[in-house]
Structures are given as structure tokens and as C-alpha cells.
Amino acid sequence: MQISKLNYLNNLNKNQKEAIIDLDGPCLIVAGAGSGKTRVLTTRVAHIINQNKAWPNQILCVTFTNKAAKEMQVRISKFLDKKVSSLPWLGTFHSVSAKLLRKHASAVGLNSHFTIIDQDDQMRLIKNIAKAENIDIKKLSPNIILSIINQWKNKGWLPKDVVSKGNITLEKAVLKVYKFYQERLKILNSCDFGDLILHCVTMFEKNPDILELYLNNFKYVLVDEYQDSNHIQSKWLNLLTKKNNNICCVGDDDQSIYSWRGAEIGNFLNFDKTYKNSKIIKLEQNYRSTQNILDAASGLISKNRGRLGKKLWTDGTKGELVKLTCYKNGRDEATGIGDIIEQNLKKKYSLNNVAILVRAIFQTREFEERFLKIGMSYRVIGGTKFYERAEVKDSVAFLRIVNQKNDDLAFERIINVPKRSLGESTIKQIYDWGRANKQSLENSSYVLLQQNKIKPKAKISLMGILKLFDKWRLDLKEKKHYELMEIILDESGYSKMLKDKKDLESEGRLENLKELIRGMRDFDNLQSFLEHAALATSIDQNWDGEKVNLMTMHGSKGLEFDAVFLPGWEEGLFPHQKSLEEKGDLALEEERRLAYVGLTRAKKESFISFVMNRMYRGDWIDSLASRFIEEIPEKNIQKEDITEQKNEDFIFNQDIDYEEGTKSPGWARLQRNKIKKLK
DNA sequence: TAACAACGCTTTTTT
DNA sequence: AGCGTTGTTA
């Protein structure tokens, strides 16, 4: 194997080098924020290949997000020569699992064209089951059922494995749904996200020969963000490393922020107990932030107990103090921050290097409104996801049913879209028959049509659409998948439906569909496109232009910016009330880690703020400053005093300064009235 | 079946 | 406050 850059070990510190060079045996790399974690991981892969320890296809490398997988792929390709430019087994837990399952689908009772369903589909399936089983969804909401089922799956429990935790009536009811749910998924030849991992584990456990195949193939296993792994994922890793024992996990216990979706920090903390004779290497030198920012973050996180414990340091400059500002309300906060960016930061940094990190995505709205007003470009990362848009989901549903005729959830979604008078009663009829006879909706439809049980009008319509499904399946054999999409949108009447609406929204939807078709060209075939659509949440973020970044703190993990704003540090919002109610002290620590993640995103400057009054669910709430503010060492903070009066002028001047055509007295009066109303 | 009104839930985070 | 779901009516 040729490594194009032989000097890849240069410019690394001692610990980093150690983390890269020692390839064999279990190894845990505790990598603090900004300590060069990704670099170490990718260099380690390069080193494995360079030392002829393994071929690229013998390295299994898993991440949690598509973003991280892609980033690693890019960085590793730089080390490799062009012929082997990528690692075939680098991907998220979910995508790697899907790949494994497609190869051995029959071992878990699936067919290799199985559909991967998302939360939306999960929810509909659960609602259907609840309805059929006469479960009162007012007493037991599908939301709760879904979250419990997901939790069980994260633990690796199939219905037969469920162990009671106390609330027996609740658990019994959910368990009943869970059984039907799993049964139904199998009939539909479908998997949910949890199943992807779970099925892999059961497959390996029940088929040692299959496991053996991979134990022999995977010489090295590397894992990113290990602190986010859940129980079933750790078992998955455990199985796959049984033979060579070459597992290298990278993570940071202080950045564990996903316990709500099953992440178990215990996997990370007890790594050395799970894997005997393991090495633990700490990366504590931070290359990202100034001393002040780092000290502020370290001071805050030191309030947490149950840490592995590490002390981040930097030999960089002290830099600016962390600025703390109190605003009157959310609108003032957005205005004030917009002003700082416009007046101070824009000169120093690219807007792409300025971020506003919020606790909850709804907080971005006030900023958007303000930025639109003053004409400042911004992008919201992680907001509305491309593949979650209704029109995109509808179109993908057509493809899904073409690809896999048992995909009831797709069938249900588009059978009457556009309207073809297949109403509730007809669908219920088909559904009931299918459930009773353990058949998919499409098969059931054929039987019912044959038995002449469908109402005349619906019958014609149903026959028509079924015929179309078959035609499209034939089309797929001769045409490209993206050509098929156009044919479907045309022949199903979907395009026409949107065109006929003639409103702005429908135009946007048509645009999205064009974008979808364009995006489909990046994939070789229908199957691989559908896999992407199921597992990727967004089409690649457009980083063009100079724009301020708006996102949640969760979404910011792994990123860095010159200047970071952390608005909304108020009790109830951050730490978030709901999380405290659910899990108490544990949740408080997790919220604190989130604060730590947020703060450590900043390279040069950070701005924390809170407001006195915030509009929340339609009411004004008096808020208190977040307890986290007091936990940051005072010496690292600079308090900016802003009086109410001054602040009001601030808003006023802002609008005159930045918006053209708004200098009229009438407009100014309108603004003043608005401010009065707020009081 | 479709259009409209009433209701209630949301807005913590995501593969 | 705003959205989606459910219920009511034509």
C-alpha cells in the first residue's frame, strides 16, 4: 500500500503519537474537546495501512453521524493513493449494519430489499396497532409507546427479553404492542433504526459461521464518539472484536450528551473492564480555544461528578474574557447579538466562523426574524430536513413501494395521494384483511379485488394504481432510477397536483422534487438511493457564501467557530426543565456537559446571554439566569451591563441603521408602540 | 368526502 | 403562538 504522505507522524504531540503508533490490543483514547481527536483517528488508520497491518477493506471504522463518517472518509482519502481512495467499511453504526444485513438478510428472516423505516413510519405503525388492539391512546400515547420500545431496543431486548422495571401495567400494555409491532415489521420486510443493530447482533449470535467471516476479515476496529454508544452497539462491537481484540475507541466522557436516546456512558467508563489489558491514553492539550474559554469550560464541567477526569490545557494566549449579557427579552437578545456581529465581528471573522448555539431549535426563530430584517445572511443547520419534507417523503414512498411490495407504510402513505377516492373505509377494509391474514396491503388489495369486495368506484381506482405499481417495476428494469422518479411523478399525477395548486408553497415543493431527482443521480441504483434516503437526514448542507450559523448545541458537536454565541441561558430553558423532571441530577450533569460542548466550540470569543422575560408557548415567562452562569469562574467572565433604557434605544437605532426605507416617522412610531406593548 | 372548527400538544436533543 | 390531529357538518 502506498501512502502519499510519509510525514504523517510529524507535528503531533507525544500523546497523540502514542495513540497512533500502538496499533495492537484494546485502546481507549480519552480525547478532550479540540485535542485533535479526528486527526488521531484518521492518522491511525493511515498508519495501519502504511505498516501493512491490514488492507483498507479489513478496517472497520464506525461513527454516529453521517457528517462524521464523511469527514473521516475525506481525511483518510488524503493519506491513501487514488486507487484505494476510501474505506469500504467506514460508516455509521446504522449504515454499516444495514450493509451487513443486506448481505445476510435471510439469516434474520428478511429479504435483502428490506425497507428501513424512520420515526414517522414507526409512529404510524404503532398508531395502527393501537387502534386495532383497542388501546386508548389518550391514556397511553403512541409517543410513550414508541419511546419505550426504542429504549428496549437500545438495550437489546426483543419482546421475549423484556424485564420489568416496576410499572407493570404500563409495561404489559407496551409489550403487547411491541410484539405485534415486531411481527408486523417482519411481514412488511422492514427494519426500524434499532433493528438494524439488533438484527446484526442476533444474526451473529445465532450464526457463528457468519460472524466468523467478519472476525477474520476485520483486523482493526475503530470507533468514534464512543461515549455515545448504547448497550446494543457496545455488544455489536464486542462481538466483532472477539478474535483480534484490536479495538480502538475515541471519545470524551465530558461530551456525552445523548443519554436520552440510550447512550450509556458506562460503556466508556468501564472500557478497561470490558476489554482486558487495554491501554488508556489521554489527549489533554487543546489546540482550539483561548485560555479564558478553556478555563471557563473546565471550571463549569468540574462541577460534574462521575467523570474520568482530565485537565485540558493550551499554550495559546489568554484571549478575551467570556462575555455575559442580560437582555430584556428574546427579541432584544436577537437584536443585541445581531448588532455585535454586525459592528464588531464582521470585520474580524468570516461570518461562516460565527455561530449561535441554542438549546432548542425553536430558539433560532427570533434570530432568523431579526437577521432577515437587517439583511444578515444566515443558515440554520439541522432545522427542517430535506428527506423529512412531505413532498420528498411522498416521492420516496412511491419508490419504496416499487422497490419492495410489502412496504405497507409507503403504500399507506401514497395510496390516496393525489386523491383518488380511496378513502378511510376502503383502506381500513384492506388493512383489516391484511392484518387478519398476515399479508401486506398490496397483496391484500389483490385478494379483495378478486373477491369483488371493494366498492365499485374505489375498485377502479385501486386497480389503476396497482397496475401503475407493476408498470413502474417493469420500467425500473430498463430505466435509470432517476428517470423512473420523473415517470412516477408524472403518471401518478403528483406533479400535476402541485402544479394545479399554483401557490408559492407548491412551487417550492416542485423545486425540492427537482433537487431530489438531481440528488438521485449520485447513486448507482434505486436500492442505494433508498438506503441513503432512509439513513441520511439531510441533503448536503450548503456552505456557500458568508453566513452566520444557527444550530442547536447538540448539532454543534465536532464543529468549531471563531466566535460563538450562547443565548438563552435561563433556568427552565437551559438546563431544560423537561430533562430535569425526567431524570433529575443525572440530567443536570448532562445539561452541564452540553454547556461544556457549547463553550468549547469557540476558538477566540464567546458570548453567553440570558433574558429577563421570554415568550414561551404563547406566554411571557419571568426568567432567572441559568445556574451554569455562576458555575463559570468569575475571573474568566466579563459582565456587560446593559440598562433597559439603553437597550431600547439600541433596538431603535439598529433598525434605522440597517434597514433601508424604514426611516419614516410612521415606521419608527410603529416600533415604539411594539416596544410599549412588550412591557 | 371535503371543508371547517375545536382541541391539545408542542419546543430538547437524532441515527 | 402555531401546528397537526380529531371531530363536526354539509
Side-chain angles (χ1 to χ4, degrees), chain A residues 62-69 91-98 116-120 122-124 127 131 137-138 141-144 146-147 150 153-154 191-198 224-225 228-230 232-233 236 255-263 330 357-366 369 381-385 387-388 390 416 419-427 455 457-458 461 531-538 551-557 568 572-583 587 590-591 593-595 597-598 614-621:
Chain A
V62 279
T63 65
F64 279 84
T65 64
N66 296 301
K67 198 173 72 186
T92 61
F93 272 99
H94 294 88
S95 67
V96 171
S97 296
I116 300 167
I117 66 165
D118 66 1
Q119 195 146 343
D120 222 61
Q122 279 188 292
M123 190 63 102
R124 274 188 298 139
K127 280 181 183 164
K131 208 180 259 175
I137 56 170
K138 294 237 167 70
S141 82
N143 266 317
I144 294 183
L146 178 60
S147 93
N150 282 338
K153 289 197 173 186
N154 286 338
C191 282
D192 62 23
F193 290 136
D195 281 345
L196 290 172
I197 321 276
L198 197 48
D224 190 21
E225 306 276 16
D228 287 337
S229 65
N230 62 33
I232 193 73
Q233 286 160 338
W236 188 97
Q255 292 186 66
S256 156
I257 53 177
Y258 285 110
S259 78
W260 51 272
R261 64 171 210 213
L357 309 181
V358 295
R359 176 64 179 87
I361 195 71
F362 79 91
Q363 290 175 263
T364 58
R365 203 163 120 185
E366 265 167 328
E369 278 169 11
I381 296 171
T384 351
K385 284 163 208 140
Y387 289 104
E388 281 171 15
N416 199 31
K419 296 259 184 306
R420 41 178 87 82
S421 44
L422 292 170
E424 216 178 306
S425 53
T426 310
I427 294 180
K455 281 179 288 178
K457 200 174 156 201
S461 195
E531 186 112 341
H532 171 81
L535 294 175
T537 40
S538 56
M551 72 189 89
T552 62
M553 285 183 272
H554 281 91
S556 75
K557 192 153 78 152
L573 184 57
F574 190 46
H576 200 279
Q577 180 115 34
K578 231 178 196 159
S579 84
L580 296 189
E581 277 166 12
E582 273 165 26
K583 283 192 171 159
E590 179 143 320
E591 295 280 303
R593 290 193 288 270
L594 194 53
V597 169
R614 189 173 289 280
M615 179 70 121
Y616 196 63
R617 293 183 194 176
D619 305 300
W620 284 100
I621 310 264

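Because the structure is predicted, anything quoted here is derived from the model rather than measured. Order of the sequence lines fixes the chain letters, A, B, ..., with proteins taken first and strands second; residue numbering starts at 1 for each chain.
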Verify whether one side chain among A/W260 and A/S579 offers a donor that lies under 3.5 Å from an acceptor in the other.
no
Taking any heavy-atom pair under 4.0 Å as a contact, classify A/S95: base, sugar-phosphate, or nothing.
nothing
Using the C1' atom in both, what is the distance from B/dT12 to C/dT5, to the nearest Å?
23 Å
Non-neighbouring partners of A/R420 that pass salt bridge (Lys or Arg N to Asp or Glu O under 4.0 Å), sequence neighbours left out:
none
Identify whether any heavy atom of A/F193 sits under 4.0 Å from a base atom; if not, whether one sits that close to sugar-phosphate; answer base, sugar-phosphate or nothing.
base
Given DNA chain B, 5'-ward residue of the pair A/K578 and A/K419, judged by closest heavy atom:
A/K419
Range on DNA chain B touched by chain A - first to last nucleotide, heavy-atom distance under 4.0 Å
B/dT1 to B/dT15
Heavy-atom side-chain contact between A/V62 and A/W236 under 4.5 Å
yes
Counting the atoms with a prime plus P, OP1 and OP2 as sugar-phosphate, which does A/R365 contact under 4.0 Å by heavy atoms, base, sugar-phosphate, or nothing?
sugar-phosphate
Side-chain heavy-atom pair A/L573, A/Q363 within 4.5 angstrom cut-off:
yes
Please say whether more than 12 non-hydrogen atoms of neighbouring residues, nucleotides or ligands are located less than 6.0 Å from CZ in A/R365.
no
Students often get this wrong, so: under 4.0 angstrom with heavy atoms, is A/Q363 touching a base, only sugar-phosphate, or nothing?
nothing
Using a 4.0 Å heavy-atom cut-off, does A/F574 contact any base of the nucleic acid, only the sugar-phosphate backbone, or nothing at all?
nothing
When rounded to whole Å, the CZ to C1' distance for the pair A/R124 and C/dG4 reads 15 Å
Using a 3.5 Å distance criterion without hydrogens, assess whether the side chain of A/D228 forms a donor-acceptor pair with backbone atoms of A/A263.
no
Under 4.0 Å between any heavy atoms, over every strand shown, what does A/H576 touch: base, sugar-phosphate, or nothing? Just pick one.
sugar-phosphate
